[in-house]
Amino acid sequence: MTGREFIKFIGKRGIPLSCIATRLNCKLATLRALEKVEAVPKHYVTMFVSAFQDSLSEQDLRVLTQ
């Protein structure tokens, strides 16, 4: 998943980037920088899934783990 797809995926779920940055214990600028990368580092996806697992559907989890 590209960074742009990841940020778009998050936006469609209505989760603000500032909330994600707080839950993942990283800077907001770091998450914004992900939009420019070809592939989101796996540890960000793993941390995102574990932090927001309750609010993600099974389809969301499949998309993230592809």
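Fair warning: this is a prediction, and the values are worked out from it, not measured in the lab. All residue numbers refer to positions in the sequence shown, counting from 1. These numbers come from the heavy atoms of this one structure, side chains and all, not from hydrogens, waters or symmetry mates.
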TODO: Any chance you could lay out the side-chain contact (heavy atoms from CB on, under 4.5 Å) test for L28 and I20, step after step, and finish with the verdict?
DONE: CA-CA 8 Å; L28 183 58; I20 295 167; over 6 Å; no
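V45 is not listed as a side-chain neighbour of M1, based on a closest heavy-atom distance of 4.5 Å or more. Counting heavy atoms from C-beta on, the side chains of S18 and L31 never come closer than 4.5 Å. T2 places none of its side-chain heavy atoms less than 4.5 Å from the side chain of V40.
Every residue was checked against the salt bridge (charged side-chain N to carboxylate O under 4.0 Å, His left out) condition with R23, not counting sequence neighbours, and none meets it.
Residues Y44 and F48 place their aromatic rings such that the two centres sit no closer than 6.0 Å.
Rounding to the nearest 0.5 Å places CG of L64 at 10.5 Å from CD of Q59. Taken to the nearest 0.5 Å, the NZ atom of K27 stands 16.0 Å off from the CG atom of L17. Going from atom CD of E38 over to atom CZ of R4 covers 10.5 Å, rounded to the nearest 0.5 Å.
Among residues at least two apart or in separate chains, salt bridge (charged side-chain N to carboxylate O under 4.0 Å, His left out) pairs with a member in residues 43-63 are R13-D60.
Nearest heavy atom pair, residue V37 against residue L34, reads CG2-O, 2.9 Å. Minimum heavy-atom separation, I10 to I15: CG2-O, 3.3 Å.
Between the S50 side chain and the T46 main chain, a donor and an acceptor come within less than 3.5 Å of each other.
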